[in-house]
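Written out below as structure tokens is the structure these notes cover.
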Amino acid sequence: LSASTPSTFTAAALRELVGADGVLVGAEEMAPFLLDHRHLYRGRAQAVVRPRDVEAVSRVLRYCHEHRIGVVPQGGNTSYCGGATPDESGRQIVLALARLDRIRNVDADNFSLVAEAGCILARVQEAAAEADRFFPLSLGAEGTCQIGGNLATNAGGLNVVRYGMTRELVLGVEAVLADGSIYDGLKSLRKDNTGYDLKSLLIGSEGTLGIITAASLKLWPQVRAHATAFIALTDVAHVVALLELLRAHGGDRISSFELLPRVAVELTVRHIPGVTDPLDAAHPWYVLCELTAARADEPLADLMQGALEKAMERGWVADAALAANERQRAAFWRLRESVPEAQRMAGPSLKHDIAVPVASLPGFIVEAAALVAQLLPDGVLVCYGHAGDGSLHFNVNRIDGTGVTAFQEREPVLRRAIHDLVTRFHGSISAEHGIGQLKREELARYASPVGLVAMRAIKQALDPRGILNPGKVL
Ligand SMILES: Cc1cc2nc3c(=O)[nH]c(=O)nc-3n(C[C@H](O)[C@H](O)[C@H](O)COP(=O)(O)OP(=O)(O)OC[C@H]3O[C@@H](n4cnc5c(N)ncnc54)[C@H](O)[C@@H]3O)c2cc1C
């Protein structure tokens with residue numbers, strides 16, 4: 001590069017704003033920031049900028065706004081839809097938030113804490129636990145993803161059935177807007193009806209409306225008791241009735257209700273060291289259910305057992321294993337959380353992150369499985385996920401490694417069929433992973449036209465020069 005190219009010029013200017021060690025320009029040091037988690041997208045960038053505080057983020061945004069430079073915010077880079085990867089122009093910058101990593105305060109009496117955007121999710125959970133409190137957001141990527149990325153994607157995860165999505169766990173947000181102005185909305189209030197709810201707009205906006213720099217998060221009493229069961233269903237048709245029965249026995253103590261097909265157990269046992277089948281015989285479908293309580297003396301195992309006995313009498317459940325200790329509980333969860341990795345090791349897969357109303361789950365699965373059998377007879381359906389929320393990772397795997405190209409070429413046809421079916425079931429084409437660049441055209445096709453006009457108007461109002469995560473979502 002000659003001294004006058006935009007890259008060199010921009011990098012020098014950015015160093016002035018964030019310090020010399022906060023700007024990466026070398027191909028090798030930038031490489032991890034330019035490739036998405038699923039290796040679907042590889043971008044280019046003028047620089048990777050790593051500010052240490054909100055003021056530095058503000059200076060960078062002001063500069064990029066003035067010079068019309070696209071800014072791609074990046075947290076843990078675990079997005080499943082290419083949301084944090086720059087385009088191929090080489091003109092954008094990646095704004096990596098990892099160095100904003102302070103827990104600013106923990107207010108145990110108010111059941112809240114304030115974390116900067118770059119805090120790893122597991123660190124936020126630990127900070128809550130150190131104050132004898134519980135932060136319920138939990139997902140397979142929690143050792144890598146950052147709380148800013150979780151807010152930006154409105155992440156879901158394993159405890160949504162009890163605590164809700166990320167949006168329901170947030171009391172306030174601090175963010176830098178496109179022109180560099182700092183929005184200080186870091187309140188820790190449970191009640192605050194003062195005009196439009198800007199934090200809710202920023203949550204789930206995937207970096208297209210502002211850069212989240214810190215969040216005030218809701219905490220709950222620490223969890224002191226668990227009852228965790230690995231349950232074999234006689235038929236997936238009974239999954240909703242089982243959830244209702246568990247609710248009748250356990251009330252709101254159900255914190256996870258995850259559905260797994262037989263093939264998910266087989267893949268994890270085959271590919272992930274140490275994973276074993278919790279039950280003796282093979283069954284077509286399983287549920288991993290966990291009840292939790294803040295009091296150590298709550299009779300959770302009795303509640304779980306009572307519900308499962310009834311479900312067996314009614315012929316919905318064939319067998320079940322109740323974790324007798326923490327080691328067994330961890331083994332059940334390891335099986336569940338290893339499914340994406342086992343699937344990846346088994347071969348390429350076509351993924352759909354969808355949701356339907358909970359009561360429609362069995363009907364949807366039956367119809368969607370028939371579509372797969374018709375359109376991709378050589379594919380293996382690996383449909384699993386957060387059934388308690390009606391959310392499914394509806395994936396189709398190629399197992400034996402042959403005919404991969406032909407398999408992948410049929411992706412658009414299968415996607416259209418699945419998303420059309422989801423729409424017929426009044427569902428969502430993106431339950432929790434967001435839109436990013438992967439589903440932009442799908443959003444344009446399936447979203448309400450009136451909703452799209454409103455979304456574009458909001459984008460135009462907050463980011464008139466279109467510098468925030470260009471090419472994502474809209
Ligand atoms: C093994 C595994 C399991 C997963 N399980 C789940 C799950 O159960 N539920 C679920 O919802 N997701 C899940 N995900 C997807 C992913 O982890 C989540 O979307 C997560 O919230 C992304 O966080 P991140 O810090 O990695 O964000 P990134 O991938 O870095 O970014 C995601 C998006 O947010 C934007 N962004 C990042 N930080 C900021 C910021 N501070 N301000 C503004 N915009 C920002 C990016 O530009 C991008 O658009 C999983 C991923 C993996 C790899």
Side-chain angles (χ1 to χ4, degrees), residues 32-33 35-39 41 43 51 54 57 61 70-86 92-101 115-124 137-160 164-167 169 173-178 183 201-215 256 258 336-344 351 353 355 384-386 389 391-393 430-440 463 468-473:
F33 298 88
L35 180 65
D36 80 303
H37 181 83
R38 290 175 62 191
H39 295 198
Y41 301 98
V54 60
V57 175
L61 267 280
V71 178
V72 181
Q74 191 174 102
N77 199 17
T78 63
S79 166
Y80 272 149
C81 52
T85 311
Q92 302 179 337
I93 64 157
V94 173
L95 187 70
L97 280 305
R99 299 211 291 187
L100 275 84
D101 62 354
E116 293 188 345
C119 290
I120 303 284
L121 172 57
R123 173 70 197 110
V124 177
L137 184 63
S138 174
L139 44 133
E142 65 196 23
T144 313
C145 63
Q146 298 172 8
I147 196 69
N150 300 145
L151 263 71
T153 56
N154 187 29
L158 301 165
N159 292 329
V160 174
M165 303 277 281
T166 297
R167 189 174 278 119
L169 315 179
V173 158
E174 175 191 85
V176 177
L177 303 186
Y183 166 62
L201 193 56
L202 289 162
I203 296 168
S205 66
E206 301 185 43
T208 61
L209 299 181
I211 308 296
I212 295 165
T213 49
S256 303
E258 299 285 308
R336 162 63 186 92
E337 292 191 343
S338 305
V339 178
E341 177 62 5
Q343 242 197 302
R344 193 188 61 73
K351 296 184 193 293
D353 161 39
Y384 67 97
H386 318 302
D389 329 318
S391 153
L392 288 176
H393 303 306
S430 179
E432 50 177 19
H433 296 155
I435 300 298
Q437 45 189 315
L438 181 71
K439 289 194 182 162
R440 209 176 49 166
D463 181 19
L468 289 176
N469 218 358
K472 313 291 164 45
V473 183

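Counting starts at 1 for both ligands and their atoms, in listed order.
At a threshold of 4.5 Å between non-hydrogen side-chain atoms, the residues Asp463 and Thr208 do not count as touching. Looking only at side-chain heavy atoms (C-beta outward), Ser79 and Tyr41 stay at 4.5 Å or farther from each other. Using a 4.5 Å heavy-atom cutoff, the side chains of Thr166 and Thr153 are not in contact. Residues Val339 and His393 have side chains not in contact (no heavy-atom distance under 4.5 Å, counting atoms from C-beta outward).
Under a 4.0 Å criterion applied to the non-hydrogen atoms of His386, ligand 1 contributes the atoms 8 (O). Annotation for ligand 1: atoms under 4.0 Å from non-hydrogen atoms of Gln74 are 30 (O). Counting the atoms of ligand 1 from 1 in the order shown, those under 4.0 Å from a heavy atom of Leu97 are 41 (N). Close contacts of ligand 1 with Gly210, meaning ligand atoms under 4.0 Å from a residue heavy atom, involve 43 (C). Here is the list of ligand 1 atoms found below 4.0 Å of a heavy atom in Ala155: 11 (O), 21 (O).
Contacts between Asn469 and ligand 1, counted as non-hydrogen atom pairs separated by less than 4.0 Å, involve the side chain only. Counting heavy atoms under 4.0 Å from ligand 1, residue His37 touches it through the side chain alone. If you look at Glu337 next to ligand 1, there are no close heavy atoms at all, none under 4.0 Å. At a heavy-atom distance under 4.0 Å, only side-chain atoms of Ala117, from C-beta outward, approach ligand 1. Contacts between Thr153 and ligand 1, counted as non-hydrogen atom pairs separated by less than 4.0 Å, involve the side chain only. Under 4.0 Å from ligand 1, not a single heavy atom of Glu341 appears. Looking at Ile212 against ligand 1, both its backbone and its side chain come within 4.0 Å, counting heavy atoms.
Considering backbone and side-chain N/O atoms, Pro73 comes within less than 3.5 Å of an N/O atom of ligand 1. Looking at Gly75 next to ligand 1, an N or O pair under 3.5 Å apart turns up.
Using a 4.0 Å cutoff on heavy atoms, His433 counts as a contact of ligand 1. Contact analysis puts Gly156 in contact with ligand 1, with a non-hydrogen atom separation below 4.0 angstrom. Taking 4.0 Å as the cut-off, Ala431 does not count as a neighbour of ligand 1 on heavy-atom distance. Between Gly157 and ligand 1 there is a heavy-atom distance shorter than 4.0 Å.
Among all non-hydrogen protein atoms, the one lying nearest atom 52 (C) of ligand 1 is Tyr80 OH, 3.3 Å. What sits closest to atom 27 (O) of ligand 1 on the protein, heavy atoms only, is Gly149 CA, 3.6 Å. When only non-hydrogen protein atoms are considered, atom 20 (C) of ligand 1 lies nearest to Asn150 ND2, 3.6 Å. Protein heavy atom closest to atom 24 (P) of ligand 1, with residue, atom name and distance, is Gly76 N, 3.4 Å. Looking from atom 35 (C) of ligand 1 to the surrounding protein, the closest heavy atom is Ala152 CB, 3.7 Å. Closest to atom 26 (O) of ligand 1, if we only count protein heavy atoms, is Thr78 OG1, 2.6 Å. From the protein, the heavy atom lying nearest to atom 6 (C) of ligand 1 is Leu139 CD1, 3.7 Å. The protein atom (non-hydrogen) at minimum distance from atom 3 (C) of ligand 1 is Ala141 N, 3.7 Å.
Taking CD1 of Ile435 as the start and OG of Ser205 as the end, the distance is 12.5 Å to the nearest 0.5 Å. Here NZ of Lys351 is found 11.0 Å from CG of Leu438. Values are rounded to the nearest 0.5 Å. Taken to the nearest 0.5 Å, the NZ atom of Lys439 stands 4.5 Å off from the CG atom of Asp353.
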side-chain contact (heavy atoms from CB on, under 4.5 Å) assessment of Leu95 paired with Val57: CA-CA 8 Å; Leu95 187 70; Val57 175; 4.1 Å; yes
query: Please walk me through it: do Ile147 and Arg123 pass side-chain contact (heavy atoms from CB on, under 4.5 Å)?
result: CA-CA 9 Å; Ile147 196 69; Arg123 173 70 197 110; over 6 Å; no
message: Pair Cys145, Ile120 - check side-chain contact (heavy atoms from CB on, under 4.5 Å), show working.
response: CA-CA 6 Å; Cys145 63; Ile120 303 284; over 6 Å; no
message: Using side-chain contact (heavy atoms from CB on, under 4.5 Å), reason through Leu177 and Leu468 one step at a time and then give a plain yes or no.
response: CA-CA 9 Å; Leu177 303 186; Leu468 289 176; over 6 Å; no
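Proximity annotation for atom 10 (C) of ligand 1: of Glu142, Glu432, Glu206, Glu432 comes nearest, heavy atoms only. Relative to atom 48 (C) of ligand 1, the option among Gly83, Ser205, Gly207, Cys119 with the closest non-hydrogen atom is Gly83.
In terms of heavy atoms, Gly207 sits closest to Pro73 at CA-CG, 3.8 Å. Among all heavy-atom pairs drawn from Pro32 and Asn77, the shortest one is O-ND2, 3.3 Å.
For the pair Lys472 and Glu206, the salt-bridge criterion is not met [side-chain N within less than 4.0 Å of a carboxylate O].
Note: His433 and Tyr80 have perpendicular aromatic rings, judged against thresholds of 30 and 60 degrees for the angle between ring planes.
Looking only at atom types and distance, the side chain of His386 has a donor-acceptor partner in the side chain of Glu432 under 3.5 Å away.
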